[in-house]
**Q** 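One structure, as C-alpha cells, below. Some questions next.
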Amino acid sequence: MTLNSREGEGTTFSLFLPATAEPVLNASPVRSTNPVFGASILVLEDELMVQRVYRGLLQRWGYDVEVVTDGADAVRRFADRREQGRPFDLLIMDLTIAGGVGGRQAITEILELDPSARAIVASGYTDDPAMVRFRDAGFAGALSKPFQPNDLACAISATLSEHGSFHQSAARSTVNRT
C-alpha cells in the first residue's frame with residue numbers, strides 16, 4: 001500500500017494486490033544480496049531511461065551487463081555468446097517492445113537453443129498471462145514494473161540460485177522455492 005498526501009489537494013491511498021492465484025511462500029525481503037561477481041546478464045528493454053537504470057544498478061552490483069532493444073537481437077546475442085563458450089547466466093526481458101520482438105517470443109526461441117536458460121520477465125502489464133503464470137511462459141521469475149532496486153536484487157538472487165523462482169507483486173516480494 002502507498003500513501004500520497006498533499007496539503008490542500010487531498011490524499012491518495014493505493015492498494016496493490018498480487019496478480020496471481022498461485023500459492024506463494026512469503027519470505028522477508030532481502031535488504032542486500034551478494035551478487036555472483038562476473039555473472040553475465042542480458043537485458044531486453046526498449047526504453048532508454050530504464051536501460052540506464054538496469055545498467056547502472058547491475059554494474060554497481062558486480063554483474064557483467066549487456067542491453068539490447070529488440071527480442072530478435074536478444075536471441076542473436078544469446079546464441080553468439082553461447083557459441084563463444086560465454087553464455088549469459090541470466091536474462092531480464094521486457095514483455096512488450098514497441099515495433100519489435102518482445103520477451104515472450106524471444107524466451108521461446110532462446111529456450112529452444114538452451115532449455116536451461118534462466119530469465120526474469122519484467123513488465124507493467126501485471127495482468128498479462130506471462131506475468132501471472134510466468135513459469136508457463138518459460139520464465140523463472142517475474143517483476144512488476146515499476147519495482148524497487150531491492151526487488152530486482154531479490155529476483156536476481158532467487159533466479160541465479162539453484163532452484164529459486166521469483167514473483168514480485170507491488171504489494172510485497174515473495175520468493176518461491178520449488
Side-chain angles (χ1 to χ4, degrees), residues 1-2 14-30 33 41-55 57-58 63 65 67-75 77-78 88-161 163-178:
M1 182 169 91
T2 62
S14 299
L15 177 64
F16 301 93
L17 302 173
T20 181
E22 293 182 27
V24 293
L25 172 65
N26 291 331
S28 300
V30 176
T33 60
I41 299 177
L42 177 64
V43 176
L44 168 60
E45 175 60 57
D46 61 339
E47 292 187 39
L48 183 59
M49 183 59 79
V50 179
Q51 291 173 9
R52 288 180 180 160
V53 170
Y54 275 126
R55 188 182 307 277
L57 285 172
L58 296 174
Y63 296 109
V65 182
V67 178
V68 295
T69 59
D70 184 78
D73 292 335
V75 174
R77 193 66 196 122
F78 182 88
F88 287 101
D89 298 300
L90 179 66
L91 299 96
I92 300 173
M93 309 181 93
D94 192 356
L95 267 184
T96 57
I97 301 297
V101 175
R104 184 186 343 262
Q105 181 179 339
I107 194 60
T108 299
E109 294 177 31
I110 286 169
L111 289 172
E112 288 174 6
L113 296 171
D114 182 357
S116 68
R118 295 181 193 177
I120 297 168
V121 60
S123 179
Y125 297 102
T126 58
D127 59 345
D128 186 287
M131 291 292 291
V132 176
R133 301 168 65 92
F134 60 90
R135 283 186 214 91
D136 293 344
F139 296 99
L143 278 170
S144 299
K145 291 181 181 178
F147 51 81
Q148 297 296 314
N150 186 58
D151 296 324
L152 178 61
C154 289
I156 292 169
S157 178
T159 306
L160 286 176
S161 70
H163 295 291
S165 66
F166 182 86
H167 184 263
Q168 174 266 339
S169 71
R172 68 178 182 276
S173 297
T174 57
V175 177
N176 300 327
R177 295 284 177 196
T178 53

**Q** What are the two closest non-hydrogen atoms of D70 and V101, and how far apart are they?
**A**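 Heavy atoms only, the tightest pair is OD1-N, 2.8 Å.
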
**Q** Using the rule given for side chain to side chain contact (heavy atoms under 4.5 Å, CB included), can you reason through F139 versus L91, listing the C-alpha separation, both sets of side-chain angles and the distance that settles it, and then say yes or no?
**A** CA-CA 9 Å; F139 296 99; L91 299 96; over 6 Å; no

**Q** Enter the distance from Y63:OH to L90:CG here, rounded to the nearest 0.5 Å.
**A**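 It comes to 8.0 Å.
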
**Q** Of all heavy-atom pairs between G138 and L111, which one has the smallest distance, and what is that distance?
**A** O-CD1, 3.5 Å

**Q** Kindly give the heavy-atom pair with the smallest separation between A74 and L42, and that separation in Å.
**A** O-CD2, 3.6 Å

**Q** Taking the side chain as everything from C-beta on, heavy atoms only, tell me whether D151 gets closer than 4.5 Å to L143.
**A**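 They are in contact (side-chain heavy atoms under 4.5 Å apart), so the answer is yes.
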
**Q** K145 vs D94, test: side chain to side chain contact (heavy atoms under 4.5 Å, CB included). Steps then yes/no.
**A** CA-CA 10 Å; K145 291 181 181 178; D94 192 356; 3.3 Å; yes

**Q** Begin with the C-alpha distance, continue with both residues' side-chain angles, and end with the deciding distance and a verdict on side chain to side chain contact (heavy atoms under 4.5 Å, CB included) for I92 and L152.
**A** CA-CA 10 Å; I92 300 173; L152 178 61; 3.9 Å; yes

**Q** Does a side-chain heavy-atom distance below 4.5 Å link M131 with S144?
**A**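 Side-chain contact under 4.5 Å: yes.
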
**Q** Closest approach of A142 and F134, non-hydrogen atoms and distance?
**A** CB-CD2, 3.7 Å

**Q** Do any N or O atoms from the side chain of S161 and from the backbone of A158 form a donor-acceptor pair under 3.5 angstrom?
**A** yes

**Q** Pick out which of V68, I120, V43, I107 makes a side chain to side chain contact (heavy atoms under 4.5 Å, CB included) with M93.
**A**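 Among V68, I120, V43, I107, the one that satisfies the side chain to side chain contact (heavy atoms under 4.5 Å, CB included) with M93 is I107.
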
**Q** Looking only at heavy atoms, which two atoms of I110 and A117 are closest? And how far apart?
**A** CG2-CB, 3.8 Å

**Q** Taking all non-hydrogen atoms of both residues, which atom of L44 and which atom of A106 are closest, and how far apart?
**A**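 Distance-wise, the nearest heavy atoms are CD2-CB, 4.5 Å.
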
**Q** Only pairs at least two apart or in different chains count here, so list each side-chain hydrogen bond (donor to acceptor under 3.5 Å, both in side chains) that has a residue in residues 96-106.
**A**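 Matches after skipping sequence neighbours: R104-D128, Q105-E109.
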
**Q** My understanding is that only residues two or more places apart in sequence, or in another chain, count here; which of them pass side chain to side chain contact (heavy atoms under 4.5 Å, CB included) with P149?
**A** L57, W61

**Q** So, do F88 and R118 sit near enough that their side-chain heavy atoms are less than 4.5 Å apart?
**A** no

**Q** Give the table of side-chain donor-acceptor pairs shorter than 3.5 Å for residues 47-55, with sequence neighbours excluded, one pair per line with atom names and distance.
**A**
| residue | atom | partner | partner atom | Å |
| --- | --- | --- | --- | --- |
| Q51 | NE2 | E45 | O | 2.8 |

**Q** Keeping T159 on the side-chain end and A155 on the backbone end, is there a donor-acceptor pair under 3.5 Å?
**A**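 Checked: pair present.
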
**Q** Side chain to side chain contact (heavy atoms under 4.5 Å, CB included), that's the test. Do D89 and I41 meet it? Break it down for me.
**A** CA-CA 6 Å; D89 298 300; I41 299 177; 5.9 Å; no

